[in-house]
Amino acid sequence: MLDSRIIMVNTSKKPRFRFAPSPTGYLHVGGARTALYNYLLARQLGGDFILRIEDTDLERSTPESIQAILDSMKWLKMEWDEGPYFQTKRFDLYNQYIDQLIKEKKAYPCFCTSQELEAKRALAQKEKRKPMYDRTCYKLSTSDVEKKISSGEKHCIRFHSHDEGSIIINDLVKGRVEIAEKELDDLIIRRTDGSPTYNFTVVIDDMTMGITHVIRGDDHLNNTPRQMQLYQAFGATPPQFAHLPLILGTDKKRLSKRHGATSVMAYYEMGYLPDALINYLARIGWAYKDQEVFTRQDLIEKFSIESVSKAAGVFNPEKLLWLNGLYIRESKPEDLAKLLPHYLEKRGIISNDTSLFVELVKISQEKSKTLEEMADLVDFAFKETRPDEALQNKFLGKENKPHLKLVYDRLEKLENFDIAGITNVFTTLVQETGLKLGQIAQPVRVALSGKNISPGIYEIIRILGKKTCLARISKYLE
RNA sequence: GCUCCCAUCGUCUAACGGUUAGGACGCGGCCCUCUCAAGGCCGUAGUACGGGUUCGAUUCCCGUUGGGAGCGCCA
């Protein structure tokens, strides 16, 4: 028996994958994962990765959404080999194929109005039937049809579906799925306004673009049988399908704005690294043994569609945060230094001191799970922050002033203002006074950074330099 | 309502008839420590339920329950 969950690679044909989002909103993480799996397989098999914008919904498609999709793909470094294609630029092509179906009597005009159809649907619901078009217009005589058309009556075009037999999908993820053709009604392929509909354009595009593998969300699984009928109508071999389970929110409901950030670019703004997001997304619904961390090359080599889970997965922001922290820790300081300015600018800090950025990254990367956190940790180097009242009371009150003064005096006298010298100031102070290091360091930390959470205090002092340190500390001595 | 899909710790998952059901996030404890992190060690928790098949079921089959998707002149 042939295992339906084996990816077939016809050596005579180059594998071609596509990602086909509709530009009706920002690219969300679920879509990004779909894109990723396509991208990974294309790279693994030496095939093509095609980007196609499915913008046939003229009402809801926007240029902003198109831009957001492109930006997201670029940020995630999923380079496409062809496209972006736009379906709105291919209407002539779709119309040729629709006309062909009409000529072959595989499609027919339908004069039913939306109101009439709505009424039929409502009735079906009421009678607990599955709402399906009743073929009123298919039953029209040829002369009636001609009469209506010549009198200019508005109509759409429906594909005439088969009623007997069944469609079998050998899905790479779901396995064998069978559906009776009588469950399928005559779908509209051309709207009254002349524009083609999704289930039709997707087939024409995949067919004419030579797509060999269609990997998409499993919300499309129910559409697949009717698409298969279309392939049959054109005598074409359908591509292999793989339907991915959805990504859900914490409450197991379909991911939406309620669940916090869902758009890819929101993660950029929150200070996530693209490779961390990619790594995390790959692991929702897919695993390779016990491995958690994958470089892009790992992913390309190890990903396999057959081991994608059939069940929906919950998006877990905590795990993504952990992964991001790990990626930040393991990144080269020079690389992070290039990314940091964007997050500093959001805090009103403008600088191009690259070597300072590198230094700041080095002292904060182990403490940062996001670049936003990192920016918060290192802003002391650019601006003086007044600690809030609670912090002042706790660390800069009367009992702390003598300690601060001690540090001030020693730093003032310090000749070699380097890490060794600075460390020595504190350690000798601890020895001489019998105070805990924390008792001395905390007030200094708050005075210099305005916060009780910061990089190492010695590093802060060194980076700030003697003059700035003394100026900031002196404000709390009176 | 009808059709289709799905079901292992709270979450992501490993197991492809025989394991003390493994790993990771999170959570708890201890160690380390100038704060916060990081790191180290230990711990916590799962096969939805009921029938079969089998010497043996997380694994195969059926049903129940629960979740999801579709049933648009949206994609």
Side-chain angles (χ1 to χ4, degrees), chain A residues 20-24 54-57 59-61 87 110 112-114 117-118 121 124-132 154-158 169 171 173-175 177-180 182-185 187-193 195-199 201-202 217-225 243 245-246 248 250 252-254 280 283-293 307 309-323 325-326 329 364-369 373 377 395 423 426 430 436-442 444-446 449 451-458:
Chain A
S22 62
T24 53
E54 309 219 319
D55 55 352
T56 51
D57 185 345
E59 301 278 306
R60 297 194 299 156
S61 298
Q87 293 192 316
C110 173
C112 297
T113 65
S114 299
L117 295 171
E118 193 48 56
R121 260 196 295 277
Q125 292 278 8
K126 200 177 146 203
E127 292 175 354
K128 300 190 188 305
R129 286 169 12 240
K130 183 175 181 172
M132 294 211 284
K154 292 264 186 290
H155 65 277
C156 64
I157 302 294
R158 285 184 186 270
I169 307 160
D171 193 275
V173 171
K174 302 285 184 180
V177 176
E178 182 170 355
I179 185 161
K182 66 174 184 333
E183 297 294 334
L184 275 20
D185 69 353
L187 84 152
I188 291 171
I189 56 179
R190 179 192 283 159
R191 298 186 185 92
T192 306
D193 69 4
S195 63
T197 59
Y198 165 75
N199 276 301
T201 57
V202 75
D218 77 5
D219 46 337
H220 289 282
L221 185 57
N222 287 294
N223 287 326
T224 308
H243 287 94
L246 262 32
L248 308 176
T250 320
K252 303 243 180 187
K253 295 268 188 286
R254 192 174 184 150
Y280 177 70
R283 280 284 287 101
I284 308 181
W286 173 78
Y288 181 80
K289 298 177 184 168
D290 281 342
Q291 190 172 342
E292 295 286 351
V293 182
S307 47
S309 164
K310 295 177 173 192
V314 173
F315 188 88
N316 183 347
E318 274 108 34
K319 190 160 185 179
L320 171 58
L321 185 62
W322 164 77
L323 246 192
L326 193 142
R329 267 173 265 139
S364 63
Q365 72 184 125
E366 202 168 61
K367 301 169 187 292
S368 312
K369 290 199 168 78
E373 284 182 19
L377 243 23
F395 295 107
T423 307
F426 283 82
V430 164
K436 289 253 177 33
L437 184 51
Q439 291 176 279
I440 304 171
Q442 278 303 81
V444 178
R445 182 191 318 282
V446 175
S449 72
K451 299 164 195 165
N452 60 340
I453 296 172
S454 83
I457 189 63
Y458 309 146

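What's counted below: heavy atoms across the whole structure, side chains too, no hydrogens, waters or symmetry copies. Source: prediction; values computed, not measured. Letters go in sequence order (proteins before strands), and every chain restarts at 1.
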*Would you indicate, yes or no, if B:rC36 has its OP1 or OP2 atom less than 4.0 angstrom from a side-chain nitrogen or oxygen of A:K369?*
no
*Round to a whole Å and report the spacing from CZ of A:F315 to C1' of B:rC25.*
13 Å
*Which nucleotide, B:rU35, B:rG23, B:rC73, lies nearest any side-chain atom of A:R121?*
B:rC73
*For A:G217, answer base if it contacts any base atom (sugar-phosphate contacts may also be present), sugar-phosphate if it contacts only those atoms, and nothing otherwise; contact means non-hydrogen atoms under 4.0 Å.*
nothing
*Donor on one side chain, acceptor on other, A:N199 and A:T197, under 3.5 Å*: no
_Just the rounded figure in Å: distance from P of B:rC34 to CZ of A:R445._
10 Å
*Whole Å only: how far is the CD1 atom of A:I284 from the P atom of B:rC25?*
16 Å
_Using a heavy-atom cut-off of 4.0 Å across all strands, would you classify A:I188 as base, sugar-phosphate, or nothing?_
base
*B:rU35 C1' sits how many Å from A:F426 CZ, rounded?*
12 Å
_Is it the case that the base of B:rA75 and the side chain of A:N223 share a donor-acceptor contact (distance under 3.5 Å, atom types as modelled)?_
yes
_Spacing between A:H243 atom NE2 and B:rC5 atom P, to the nearest angstrom_ = 12 Å
*Using a cut-off of 4.0 Å on non-hydrogen atoms, how would the nucleic acid contact of A:K451 be classed: base, sugar-phosphate, or nothing?*
nothing
*Which whole number of Å gives the distance between the C1' atom of B:rA21 and that of B:rU44?*
16 Å
*asked:* Could you tell me how far apart A:F395 (CZ) and B:rU35 (P) are, to the nearest whole angstrom?
replied: 10 Å
*Could you tell me whether the phosphate oxygens of B:rA75, OP1 or OP2, come under 4.0 Å of any side-chain nitrogen or oxygen in A:R191?*
yes
*asked:* Expressed as a whole number of angstroms, how long is the span from A:L321:CG to B:rA37:C1'?
replied: 12 Å
_Counter-base of B:rU35, judged by Watson-Crick or G-U geometry with both distances under 3.5 Å_ = none
*Is any side-chain N or O of A:R60 under 3.5 Å from a base N or O of B:rC74, one able to act as donor and the other as acceptor?*
yes
*Given B:rA75, B:rC73, B:rC71, the nucleotide with the shortest approach to the side chain of A:C156*: B:rC73
*Look at all strands and tell whether A:E366 reaches a base, only sugar-phosphate, or nothing, counting heavy atoms closer than 4.0 Å.*
base
*asked:* Need the pair for B:rA57. Rule: Watson-Crick or G-U wobble, both distances under 3.5 Å, any strand; none if unpaired.
replied: none
*Ignoring backbone atoms, test whether A:R329 places a side-chain nitrogen or oxygen under 4.0 Å from the OP1 or OP2 oxygen of B:rG39.*
yes
*asked:* Is it the case that the base of B:rA14 and the side chain of A:D290 share a donor-acceptor contact (distance under 3.5 Å, atom types as modelled)?
replied: no
*Answer with base, sugar-phosphate or nothing: what part of the nucleic acid does A:G313 contact at a heavy-atom distance below 4.0 Å?*
sugar-phosphate
_Taking pairing as Watson-Crick or G-U wobble with both contacts under 3.5 Å, can you name the mate of B:rC41, or confirm there isn't one?_
B:rG29
_Sugar-phosphate only, base, or nothing, as touched by A:T56 at under 4.0 Å among non-hydrogen atoms_ = sugar-phosphate
*Establish whether the base of B:rG1 is bridged to the side chain of A:E127 by a donor-acceptor pair shorter than 3.5 Å.*
no
*asked:* Applying a 4.0 Å non-hydrogen cut-off, can you work out what A:P455 is touching in the nucleic acid: base, sugar-phosphate, or nothing?
replied: base
*Looking at every strand, decide which applies to A:E318 at a 4.0 Å heavy-atom threshold: base, sugar-phosphate, or nothing.*
sugar-phosphate
*Quick one: label A:D57 by what it contacts on the DNA or RNA (base, sugar-phosphate, nothing), any heavy atom closer than 4.0 Å.*
sugar-phosphate
*asked:* So for atom CD, which belongs to A:E59, do other residues, nucleotides or ligands contribute more than 12 heavy atoms lying within a distance under 6.0 Å?
replied: no
*Classify the angle between the aromatic ring planes of A:F426 and A:Y458 as parallel (below 30°), tilted (30 to 60°) or perpendicular (above 60°).*
tilted
*Would you say the side chain of A:K367 and the base of B:rC36 hold a donor-acceptor pair, judged only by whether the two atoms sit under 3.5 Å apart?*
yes
*Taking NZ from A:K289 and C1' from B:rC16, how many angstroms apart are they, rounded to a whole number?*
14 Å
*Contact class for A:N452 (heavy atom, under 4.0 Å): base, sugar-phosphate, or nothing?*
base
*Pair of N/O donor and acceptor under 3.5 Å linking B:rC73 base with A:T197 side chain*: no
*Mind checking A:K128 for me? I need base, sugar-phosphate or nothing, with any heavy atom below 4.0 Å counting as a touch.*
sugar-phosphate
_We want to know whether A:R445 and A:S449 form a side-chain donor-acceptor pair, criterion being a heavy-atom distance below 3.5 angstrom._
no
*If pairing requires Watson-Crick or G-U wobble contacts with both distances under 3.5 Å, which nucleotide is the partner of B:rA24?*
B:rU11
*What is the pairing partner of B:rU3, taking Watson-Crick or G-U wobble pairs with both distances under 3.5 Å in any strand?*
B:rA69
